[in-house]
Number of protein chains: 2
Amino acid sequence: MSAVKDSKPDLEVVERLDRSGFRATPQRTHVYKTLRAKRDHPTAEEVFIRAKKDMPEISMATVYNCLDALVQSNLVRLVNHDKGATRYCSNMMKHHHFYCVECGGAFDIDAPSSVHEPLIKLPTGFKADRYEIAFRGLCPDCAAKKKR
Amino acid sequence: MSAVKDSKPDLEVVERLDRSGFRATPQRTHVYKTLRAKRDHPTAEEVFIRAKKDMPEISMATVYNCLDALVQSNLVRLVNHDKGATRYCSNMMKHHHFYCVECGGAFDIDAPSSVHEPLIKLPTGFKADRYEIAFRGLCPDCAAKKKR
DNA sequence: CTAGGTGCAAAAGGTTTGCGGTTAA
DNA sequence: TTAACCGCAAACCTTTTGCACCTAG
């Protein structure tokens, strides 16, 4: 009922791509799966390297194309660190990010489902449909090292 | 109220640069003043163009160098839009940003001085010394256009 | 059949670096 | 004097684009 490389591509994904006007190609679903396989924030190149393991013929351009389609389909988010290449995140749950100023790492911070209140009142006219908090400071590891 | 080129370079700036181990060179103070002159979020190239008006011999590399020194001295912040070049912001008051998904513009959102509370509890070990909220949605102009 | 997608290679940004010359402590 | 800094140009890295071929609808 399923092949080695073509395991069922998750209806949700197919549907979302379709709703945004994209075909659910093997490359796109594979890039998505690659991203889901690990809970970190890889760069496009990192994704490319990982995706090639199971799909050696995929190209960098296609990875960019796929990531773009996935972002537009709301299956993946962009995450910008302060420097360097754009990173991608397949965790679409409401969450925030913590950036360690020491080691440069980025960590997901879950948003409490209860309190996502209009913490800040926006000036009249602005219509926000989402927000994300970027914390900066020391991650547990670096904080521990620093203390000594 | 502005001078030709060498108006006194603001003690605060000199001191901050110095405290971070940078000399307060004419280029650095000029780039800083350039950034302060307008309340937007220019790219490095934009800064370069503006800075050249009053300092024609300044180079792109120097602008990058200066911006870097200013960021490290806490006189300027990096602002990343979703796409494109890094942008810079000389508004160091506690504030957040609103990104318009329609026109791509970025707007400063003042943080109420009263409530800058730890609205989200971080997992144990994380030591945040600051945070910034990125709102996304429609700016007043685009919201108005959309309504029609 | 044909619009959309892929892979490749080349191009286009954006940022950094190496280096000779200059300047401030 | 000398370490820091400047301007220039080349290098580098990330992302986009043009194009020939391919494939699903």
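Basis for what follows: all heavy atoms, side chains included, without hydrogens, waters or symmetry-related copies. Letters go in sequence order (proteins before strands), and every chain restarts at 1. Keep in mind that what you see is a predicted model, and the values were worked out from it rather than measured.
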Next item on the list: Look at all strands and tell whether A61(B) reaches a base, only sugar-phosphate, or nothing, counting heavy atoms closer than 4.0 Å.
Entry: base

Note to self: Heavy atoms only, 4.0 Å cut-off, all strands: where does T43(B) land among base, sugar-phosphate and nothing?
What the structure shows: nothing

Do any side-chain nitrogens or oxygens of [X] fall under 4.0 Å of OP1 or OP2 in [N]?
X	N	value
T25(A)	dA24(D)	no
Y64(A)	dT15(D)	yes
T62(A)	dG5(C)	no
T86(B)	dG14(C)	no

Check: Under 30°, 30 to 60°, or over 60°: which ring-plane class applies to H97(A) and H95(A), parallel, tilted or perpendicular?
Finding: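 Rings of H97(A) and H95(A): perpendicular, as their planes differ by over 60°.
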
Check: Parallel, tilted or perpendicular for F135(A) and Y131(B), by the 30°/60° rule?
Finding: tilted

Notebook entry, point to check: Does the side chain of D108(B) come under 3.5 Å of the side chain of H41(B) through a donor N or O and an acceptor N or O?
Noted result: yes

Check: Taking the side chain of C66(B) as heavy atoms from C-beta outward, which of dT6(C), dC6(D), dG7(D) is closest to it?
Finding: dC6(D)

Checklist line | Helical bend (five base pairs per end, nearest 10°) for the helix from dC1(C)-dG25(D) to dA25(C)-dT1(D) | finding: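 One end's axis against the other's: 30°.
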
Notebook entry, point to check: Between atom CZ of F22(B) and atom CD of Q72(B), what is the distance when rounded to the nearest 0.5 Å?
Noted result: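 F22(B) atom CZ to Q72(B) atom CD measures 4.0 Å (nearest 0.5 Å).
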
